[in-house]
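The structure appears below as structure tokens.
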Amino acid sequence: RWRVRITWNMSGDKLSAEGEREPLLGREEGQGNGEVNSQRNLEEDKELDGGWGWLVVFACFLTTFVLDGIGYSFGMFMEPLKVELGEGNFGVASIGSIQIAVYLSSGPVVAGLVTKFGARPVCIAGSVLACIGLLGASFAWNVTSLLVCYSLVTGVGFGCMYIPGVVASQEHFTRRRALATGIAVCGTGIGTLVLPPLVESLIEHHGWRWAFRILSGICLGSVMCGAAMFPAKRREQSKPEDSDNSAESVQVSECKGWRWVLSLVVGPGLASSDSLLLFLMVMVGDFLATMSLYIPYTHLPDMAISRGVEPRDAAFLISCAGICSTIGRVLAGLLCDQRKLHPMTITCLATSMAALQAFLLISCSQYWMFLVLTSGFGLATGFWVACETPLIIRTLSFDHLTPAFGLLTAGGGVAALTGAPLAGYAVDISQTDRGMAVVICGCIMGTSALVYGAASGYRLYRDRREGRTTPFQRI
């Protein structure tokens, strides 16, 4: 009840004797409730887009810093491992590629664990497991023991760190979600900047075994990052504008055939989505891009050294790629939040530029050429990586982010298993020029750009057929 006030109401309502508003002209009390709920939602969005959520972003940043920084540093171990173990490029490169494949392939399982238990306990367990694996690898005496400790145990630990490191910050943001993602995955770029030179120095002064032990201690410190990944208070339903398909998060139909099989892994919500075909096209493009991504980080230092570049300068090439990848990820996050270009369009352009940089690397004969082109490759791939989660949200919905990202990383795991060893095998066969690795990288990345282009064309056709005409959806 309201107190009676003598006021002139321009809306045409009147005041009753008890001071209650009696709406005229069909206005219902529910409209006022809707306005209150809308205002409450706006206040919740403001709370989500700041405050302690940035602590979670920082924790995710440090998590990706550790796991990807170590993963991208494996090229520094190539030469000492080949000398001590007596293996060729294919055998040693397989150790690092299998580790990356394991931590990416575990995506669907880890996504299910995150959905059930939350990001915090999963990330803590992964940090401990990665610490144990790296410590065991420091005592390895042959390829088999390295495969068990570094590739398998550490790979599973990194898998339990990777999914929480990417998705834990998402629920703390709405309007600035892509920027938060870009900052979180910048850990990969900064880790690539800092850890390869550090690993190179550790190997030079203490040997590769002590280098593994020190990295093991760094992984143990990541337990604190997992502890900081606290859950956020969210409304039950995601915002419709978060997705190009506003009904995706609430409509779940019965799965039949291959969709039923897929639902056993990712759940019925994603498996029954009307946008599943488009998402599978995105998966193919991501598979090929991931397959080519790790080739330069594994083989570029050796290629540069064979063309007269000093070992320390060759290690700095990987760091430069990390710097530019960091810049690309932040810029991509800002660009996605502006909603001027669809994340799929940005991804298609980024993979095209990365393919061009890889092809141009074959012509490098001086250090500054390697520096410029490697930086360009890092910048382009940084755009692609930062657009992954916004692309999933736009293609499906926020509610499908965790299982979809888990499935995406599983495909990336298989891709990482084949990319660098395939390039190493090509280098071993050619025996004339180590640049064959970057040629293969360019071919695979170019194919990825074509797939993303086809997916963009299909999206535009579908949107036009369904009458979606907003500028953001068109571009």
Side-chain angles (χ1 to χ4, degrees), residues 37-68 110-111 113-124 126-127 160-191 221-243 249 326-327 329-339 343 382 385-394 396-406:
N37 291 334
S38 177
Q39 182 65 27
R40 184 181 302 142
N41 291 341
L42 289 175
E43 293 175 357
E44 290 177 358
D45 288 347
K46 291 180 180 179
E47 293 177 359
L48 287 173
D49 279 324
W52 290 103
W54 292 111
L55 176 62
V56 180
V57 172
F58 183 63
C60 293
F61 169 88
L62 292 179
T63 301
T64 57
F65 170 91
V66 171
L67 68 95
D68 280 331
V110 176
L113 293 175
V114 171
T115 301
K116 185 175 182 179
F117 300 105
R120 177 184 286 173
V122 176
C123 186
I124 291 175
S127 300
C160 292
M161 296 168 65
Y162 181 60
I163 299 293
V166 175
V167 304
S169 63
Q170 299 294 292
E171 61 182 358
H172 291 269
F173 295 87
T174 53
R175 293 178 294 106
R176 290 179 284 185
R177 181 177 291 152
L179 176 60
T181 302
I183 295 174
V185 297
C186 274
T188 298
I190 301 297
S222 298
V223 169
M224 299 303 297
C225 298
M229 296 180 183
F230 60 90
K233 295 180 180 180
R234 291 197 57 85
R235 299 191 304 272
E236 294 183 358
Q237 295 183 355
S238 61
K239 296 171 65 178
E241 60 267 25
D242 285 343
S243 171
S249 60
T326 301
I327 296 172
R329 292 169 195 229
V330 175
L331 292 177
L334 291 170
L335 189 58
C336 288
D337 281 336
Q338 294 299 316
R339 302 173 66 89
V385 171
C387 286
E388 282 183 326
T389 51
L391 179 55
I392 291 174
I393 294 172
R394 294 297 173 188
L396 299 169
S397 72
F398 177 79
D399 298 323
H400 297 326
L401 173 61
T402 300
F405 190 76

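Quick note: numbers below take in every heavy atom, side chains included, and nothing from hydrogens, waters or symmetry partners.
Across every non-hydrogen atom of P164 and C60, the tightest pair is O-SG, 3.8 Å. Closest approach of S222 and V66 over heavy atoms only: OG-CG2, 3.5 Å. The minimum heavy-atom distance linking A111 with I163 is given by the pair CA-CG2, 4.3 Å. Across every non-hydrogen atom of R120 and G226, the tightest pair is CG-O, 3.1 Å. Closest approach of T64 and G165 over heavy atoms only: CG2-O, 4.2 Å.
Going from atom CD1 of I124 over to atom SG of C225 covers 10.0 Å, rounded to the nearest 0.5 Å. Note that the CD1 atom of I183 and the OG1 atom of T326 stand 11.5 Å from one another [nearest 0.5 Å]. In this structure, the separation between CZ on F61 and CH2 on W54 is 13.0 Å, given to the nearest 0.5 Å. Put simply, CG on L179 and SG on C336 are 10.5 Å apart, with the number rounded to the nearest 0.5 Å. Atoms CG and OG, on L55 and S169 in that order, are 11.5 Å from each other to the nearest 0.5 Å. Rounding to the nearest 0.5 Å gives a distance of 12.5 Å between CG of L113 and SG of C123.
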- Under the side-chain contact (heavy atoms from CB on, under 4.5 Å) rule, what do T63 and M229 come out as? Steps first, then yes or no, please. CA-CA 11 Å; T63 301; M229 296 180 183; 3.4 Å; yes
- Message: Before you tell me yes or no, could you show the steps for V166 and T389 under side-chain contact (heavy atoms from CB on, under 4.5 Å), namely the whole-Å CA-CA distance, both residues' side-chain angles and the distance that decides it to 0.1 Å?
- Response: CA-CA 8 Å; V166 175; T389 51; 3.7 Å; yes
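Within a 6.0 Å sphere centred on CZ of F230, heavy atoms belonging to other residues, nucleotides or ligands number more than 12.
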